[in-house]
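Following: one structure in structure tokens, then a few remarks.
Labels below follow one simple rule: chain letters A, B, ... track the order of the sequence lines, proteins then strands, and each chain is numbered from 1.
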There are 2 protein chains.
Amino acid sequence: MRLFLEKGYGSTSVADVLRAARANSGSLYHFFPAKHDLLLAVLERYRSEIEPRLLAPAWRGVADPIERVFALLRVYRRLLVETGFFYGCPVGSLALEIHEPDPAVRRLLAANFERWAGAVRGCLREAGDRLPVDADPRELSLFVLAVMEGAVMQARTHRSLEAFDASVRRLRDYFRRLEKGARRPRLRPAPAAKEKIR
Amino acid sequence: MRLFLEKGYGSTSVADVLRAARANSGSLYHFFPAKHDLLLAVLERYRSEIEPRLLAPAWRGVADPIERVFALLRVYRRLLVETGFFYGCPVGSLALEIHEPDPAVRRLLAANFERWAGAVRGCLREAGDRLPVDADPRELSLFVLAVMEGAVMQARTHRSLEAFDASVRRLRDYFRRLEKGARRPRLRPAPAAKEKIR
DNA sequence: GTCTATATACGGATAGAC
DNA sequence: GTCTATCCGTATATAGAC
């Protein structure tokens, strides 16, 4: 997982994996008949770790569903900073690296995106009528994912947070405007949304 | 260029290039001492072609500056459809494929993003006070680029336009809300923006 | 500048003893 | 299941005649 994240799939040789895992050729090939199977296993694990290793820590102490969306984005920001813009979104990188139309790989990449966007969608549904009815949660969740991937891509390329922060700020602005335009659940003007986190 | 777009940099062998160009090893290496230099040349050409081969055709017959932003996105949509989700944004793909910290390559990738976002920024500036003053054109342009790249990534992965169209629709919604919130430049309500294209 | 032939290393994958 | 040794193709790059 670490090697594919750091160097990508194609540039990681099986020899690299053997060295990093301190395993021998025969052992590795006993469990993974081809390098390809290694990729499938990695993508499966990414998917299964979205919940416990990404969402759970990101949302610890963040109750507000819309804040959770931005707490998730903050994880990627921190990852970029902490690794000197070396790590980004592992799934996104692999998605653009793999050009072969291998159906099994594509399915797993799609499943990763689906789970990520599905989690965001859950937040948006939970936000209920703080968002206008025409702001379809499914559409919005795919939009949030697009912004995250594009923001990470730019950050890694420029080795700078500017584009990332700018994108998140504009997304935040969009959500603010959506909330303002939503039908009011209260009789009195809503109190300013809590935004202390961060 | 075509090979890097179709197969990526790493998976394209020099032999592939030789075959496609109907050239011989000696000839190619006479002009490009290493494969690496081929990548640099391709990235330079992408940058120089953004204006004449991407923006100019995209904006033919589209005068409204904000419509131009969406006309640009439509080019990527059409590219995805026409190639069966094979081609996306060549720069974005290379940006995520290349993990080496090669400064020359990174600079050129960044320059490509910069020119693209710069063009969008020009549109937004031209839109003047149809957008609110707090909608910084620089921030907005980086946001638009992020949305495009993330939308293309999802489209290619799912081999479907759903996420792409959803993202563009949400971006459109954002711009509508921005325009609504801007201070009105005219005394009478502005006539509906031209949107005949497409 | 272009041609053919080739150097040299490394890629994924396998053989077969233990 | 794990070990060492190795097969064989393909990779980038070069040599040297023309």
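Rounded to a whole Å, the CG atom of B:Leu18 is 12 Å from the C1' atom of C:dC3. Taking atom CG of B:Leu28 as the reference point, atom C1' of D:dT12 lies 11 Å away to the nearest angstrom. In this structure, B:Lys35 places its NZ atom 17 Å from C1' of D:dT14, rounding to the nearest Å. In this structure, CZ of B:Phe31 is placed 17 Å from P of D:dT14, rounded to the nearest angstrom. For the pair A:Leu38 CG and C:dG12 P, the interatomic distance rounds to 10 Å; values are reported in whole Å. Atom NE2 in A:His30 sits about 17 Å away from atom P in C:dA13, given to the nearest Å. Taking atom CG on A:Leu39 and atom C1' on C:dA13, their separation rounds to 17 Å, with Å as the unit.
Stacking of B:Arg77 on the aromatic ring of B:Phe164 is not recorded, the 6.0 Å distance cut-off and the 45° axial limit not both being met.
The nucleotide whose nearest atom lies closest to any side-chain atom of B:Tyr29 is, among C:dT14, D:dT2, D:dT14, D:dT14. Here the nucleotide nearest the side chain of B:Ser13, chosen from D:dT12, C:dG12, C:dT2, is D:dT12. Nearest to the side chain of B:Asn24, among C:dT2, C:dT4, D:dT2, sits C:dT4.
Residue contacts shown for A:Ala34 are limited to sugar-phosphate atoms, with no base heavy atom under 4.0 Å away. Across all strands shown, A:Ser11 has no heavy atoms under 4.0 Å from either base or sugar-phosphate atoms.
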- request: With salt bridge (Lys or Arg N to Asp or Glu O under 4.0 Å) as the test, would you mind laying out the steps for B:Arg177 and A:Asp134 before giving the verdict?
  value: CA-CA 13 Å; B:Arg177 288 168 196 270; A:Asp134 65 297; 3.6 Å; yes
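Side-chain contact between B:Leu171 and B:Leu73 is present, with at least one heavy-atom pair separated by less than 4.5 Å.
The same ILVMFWY cluster, assembled from side-chain heavy atoms under 4.5 Å apart, contains both B:Val120 and B:Leu55. A:Phe113 and A:Leu142 fall into different hydrophobic clusters, where Ile, Leu, Val, Met, Phe, Trp and Tyr residues are linked whenever their side-chain heavy atoms come under 4.5 Å apart, directly or through other members.
Below the 3.5 angstrom threshold, one finds a donor paired with an acceptor across the side chain of A:Ser25 and the base of C:dT14.
Nucleotides of DNA chain C nearest to A:Ala15 and B:Arg22 differ in position, and the one nearer the 5' end is that of B:Arg22.
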